Amino acid sequence: MDISEEKFLIEKITSGETDAFQSFIDEYKNLVMHIVFRMIGNKSVGEDLCQDVFLQVYDNLASFRFQSKISTWVARIAYNRCINYLKKKRLPLFEDLHPPDASIENIYSEPSLPDDVAEAKDVQLRVREEIQKLPVQFKTILTLYHLDELSYAEIGEVMQLPEGTVKSYLFRARKHLKEKLTQKYRKEELHP
């Protein structure tokens, strides 16, 4: 969606067209879900937080000034809402509850044999489980970069971090994930 389409959509929403807001939700729900479920890990709490995020977006949409991408603004609201929840509930930064329903990107190109499909799903599950054990900032950065394809600058805006810190955290998150996976699983199990 380009900026003129976004402006038109926001005008429709702020004038009270409910169908327009539903289109907005459809456009950004995956972004919000990726952030919330990676940071929180609990499905029922995550669903409530996703609703809270979109309520907050709706309440503040008229004040959006297009100083950043709207996706960055929405992601920032989702991130802040999760941080506030974690602080209020005093939850640990390492969450290993249930893996979120949102799938991570495929590690392999299309496997063709049933055994390959099963192995690819097993590897995805192992990677997802290890990502869930990472600190909140690491799993959030991995999600924003790899799943939502935000740039370093956009992630910096969302998380209020300098671009260099984002790059450093992304590098450290990947390194930490790789170390955990290689410690826990033999190479043959990860690379059939």
Side-chain angles (χ1 to χ4, degrees), residues 1-91 93 95 97-106 128 131-132 136-167 169-170:
M1 189 180 298
D2 68 20
I3 195 162
S4 61
E5 292 173 320
E6 288 176 345
K7 284 182 179 181
F8 182 68
L9 182 60
I10 289 172
E11 286 173 15
K12 288 171 69 174
I13 294 167
T14 55
S15 69
E17 291 186 37
T18 55
D19 289 343
F21 191 60
Q22 185 59 52
S23 296
F24 184 91
I25 290 171
D26 292 341
E27 180 73 24
Y28 297 105
K29 69 181 174 188
N30 286 339
L31 172 66
V32 171
M33 287 172 46
H34 284 152
I35 293 168
V36 170
F37 287 119
R38 288 285 180 227
M39 290 182 71
I40 303 303
N42 180 300
K43 186 177 180 186
S44 63
V45 172
E47 289 170 349
D48 290 342
L49 285 174
C50 286
Q51 288 178 354
D52 289 349
V53 167
F54 281 111
L55 287 172
Q56 189 174 352
V57 165
Y58 184 81
D59 290 342
N60 294 290
L61 203 53
S63 64
F64 182 69
R65 300 288 173 241
F66 292 93
Q67 294 173 337
S68 65
K69 289 174 129 183
I70 197 145
S71 60
T72 304
W73 181 70
V74 170
R76 178 98 188 106
I77 290 172
Y79 177 77
N80 284 338
R81 185 66 187 96
C82 290
I83 291 295
N84 290 340
Y85 173 82
L86 291 171
K87 285 179 183 175
K88 185 163 72 168
K89 295 297 179 184
R90 297 174 195 231
L91 295 176
L93 294 182
E95 291 257 318
L97 301 173
H98 302 289
D101 290 337
S103 64
I104 62 171
E105 61 186 325
N106 288 333
R128 182 182 296 127
I131 287 173
Q132 283 304 106
V136 169
Q137 286 189 320
F138 284 0
K139 61 182 163 180
T140 302
I141 285 177
L142 284 170
T143 299
L144 292 174
Y145 187 79
H146 289 289
L147 294 179
D148 298 313
E149 299 177 353
L150 293 174
S151 68
Y152 296 128
E154 291 168 329
I155 295 169
E157 282 184 55
V158 168
M159 298 180 72
Q160 292 185 330
L161 295 171
E163 195 172 324
T165 303
V166 171
K167 289 178 184 178
Y169 281 6
L170 183 60

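These numbers come from a predicted model, not from an experiment. Hydrogens, waters and symmetry mates play no part in the numbers below; they use all other heavy atoms, side chains included. All residue numbers refer to positions in the sequence shown, counting from 1.
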Item to check | Evaluation steps, side-chain contact (heavy atoms from CB on, under 4.5 Å), between Tyr169 and Ile155 | outcome: CA-CA 11 Å; Tyr169 281 6; Ile155 295 169; over 6 Å; no

Checklist entry - Could you walk me through whether Arg38 and Phe138 pass the side-chain contact (heavy atoms from CB on, under 4.5 Å) check? => result CA-CA 10 Å; Arg38 288 285 180 227; Phe138 284 0; over 6 Å; no

Next on the checklist: side-chain contact (heavy atoms from CB on, under 4.5 Å) for Asn60 and Trp73? Distances and angles first, verdict last.
Outcome noted: CA-CA 11 Å; Asn60 294 290; Trp73 181 70; 3.9 Å; yes

Item to check | Met159/Ile141 under side-chain contact (heavy atoms from CB on, under 4.5 Å): CA gap, chis, key distance, verdict | outcome: CA-CA 9 Å; Met159 298 180 72; Ile141 285 177; 3.4 Å; yes

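With rounding to the nearest 0.5 Å, the separation of CG in Asp19 from NZ in Lys12 is 8.0 Å. For the atom pair Leu161 CG and Gln137 CD, the distance stands at 5.5 Å (nearest 0.5 Å). One finds the CZ atom of Arg81 at 10.0 Å from the CG atom of Leu86 (value rounded to the nearest 0.5 Å). Rounding to the nearest 0.5 Å places CD1 of Ile77 at 11.0 Å from CG of Leu55. For the atom pair CD1 (Ile35) and CG (Leu144), the distance works out to 4.5 Å, reported to the nearest 0.5 Å. Separation of atoms OG (Ser71) and CD (Glu157) is listed at 9.0 Å; rounding is to 0.5 Å.
Ring pair Phe64/Phe66 is perpendicular by interplanar angle, where above 60° counts as perpendicular and below 30° as parallel.
Between the side chains of Gln22 and Asp26, at least one donor-acceptor pair of N or O atoms lies under 3.5 Å.
Between Phe24 and Leu61 there is a side-chain heavy-atom pair separated by less than 4.5 Å. Put simply, the side chain of Tyr152 reaches to within 4.5 Å of the side chain of Leu170, judged on heavy atoms. Taking 4.5 Å as the limit, some side-chain heavy atom of Glu47 sits within range of a side-chain heavy atom of Phe37.
In terms of heavy atoms, Ser23 sits closest to Leu9 at CB-CD1, 4.3 Å.
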